[in-house]
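So the structure is just underneath, and the comments pick up after that.
Numbers here are sequence positions counted from 1. Order of appearance sets the numbers: ligands from 1, and atoms from 1 within every ligand.
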Amino acid sequence: MSRRTIIAGNWKMNTRAADGASLAQGIADAVGENPTVEVVVCPPSVYLSRVADVLAGSAVGLGAQNLYPADDGAYTGEVNAAMLCDSGCRYVILGHSERRAILGETDAQISEKLAAALAGNLVPIVCVGETLDDREGGKTEAVVEEQLRGSLDGLDEARASGVVIAYEPVWAIGTGKTASPEQAEEVHAFIRKLLGELFTDEVAQQMRIQYGGSVKPGNAKELLGQPNIDGALVGGASLKVDDFVAIINAG
Ligand code: 13P
């Protein structure tokens, strides 16, 4: 089973219009027309249309960092899947640990967002991952399992293969501490086994699982070389053209 590697840049609440546009342009130029890996950038939502214009005709896909799971209506401050599509998005990150921790997002909310993303024809990237306390308390698998079962609740087996999972250990995000390739592979293999139980082994083999947490040019190749690591969700290093392109080239 060959799964196409997917490298996504999560720009978080960084970049302004001008530097985001030049970052996107630099990545599109470097990636060319036929990259062997799938490449995605996820700018802040206010800049999606602008980055979409820069990426038009390029091989780089556009993603959002969140959505609100409702049709148009009275939801002040929110943006739904149809609006993201209209702005040129094909992907959406859901349940990032920063949203879980800072905004109190729950697995139940993430599962609603997942359903809305799929109904809106967006490729969801569903994030899970344990904190340092969880890991040190031997609870990594239990926490990841609970997050996955909750976030994927109600997901139809027929749609599951189109969902991307991102394993992002919270202790490795923005800290410079990367999970070792062995640590990451161990959890990725666990996630794939669980996906086999939730759906079928065949579906689990098709689903892509990204690693995220201090991915850099210097560690990308070893991480991406693990059998169950099918891509990377990159924060800090996705804000520099050279670093992000080096990670893409490691894929
Ligand atoms: P860093 O690559 O900056 O650690 O961030 C990872 C992340 O949270 C991507 O979603």
Is the backbone N or O of Ser45 less than 3.5 Å from a side-chain atom of Gln65, with the two atoms forming a donor-acceptor pair by type? no

Donor-acceptor contact below 3.5 Å, side chain Gln210 vs main chain Ala232: yes

Does the side chain of Val41 reach to within under 4.5 Å of the side chain of Leu55, using non-hydrogen atoms? yes

Taking Arg4's backbone N and O only, do any of them form a donor-acceptor pair with Arg208's side chain (distance below 3.5 Å, no angle check)? yes

Test salt bridge (charged side-chain N to carboxylate O under 4.0 Å, His left out) applied to Glu130 - qualifying residues, sequence neighbours left out: Arg135

Salt-bridge test for Arg149 and Asp107: reply yes if a basic N is under 4.0 Å from a carboxylate O, no otherwise. no

May I have a table of the N/O to N/O pairs between ligand 1 and the protein that fall below 3.5 Å, each row giving the two atom names and the distance to 0.1 Å?
residue, atom, partner, partner atom, Å
ligand 1, 2 (O), Ser214, N, 3.4
ligand 1, 2 (O), Gly235, N, 2.9
ligand 1, 3 (O), Gly236, N, 2.8
ligand 1, 4 (O), Gly174, N, 2.6
ligand 1, 4 (O), Ser214, N, 2.8
ligand 1, 5 (O), Lys12, NZ, 3.3
ligand 1, 8 (O), Lys12, NZ, 2.8
ligand 1, 8 (O), His96, NE2, 2.8
ligand 1, 10 (O), Asn10, ND2, 3.0
ligand 1, 10 (O), His96, NE2, 2.9
ligand 1, 10 (O), Glu168, OE1, 3.2
ligand 1, 10 (O), Glu168, OE2, 2.9

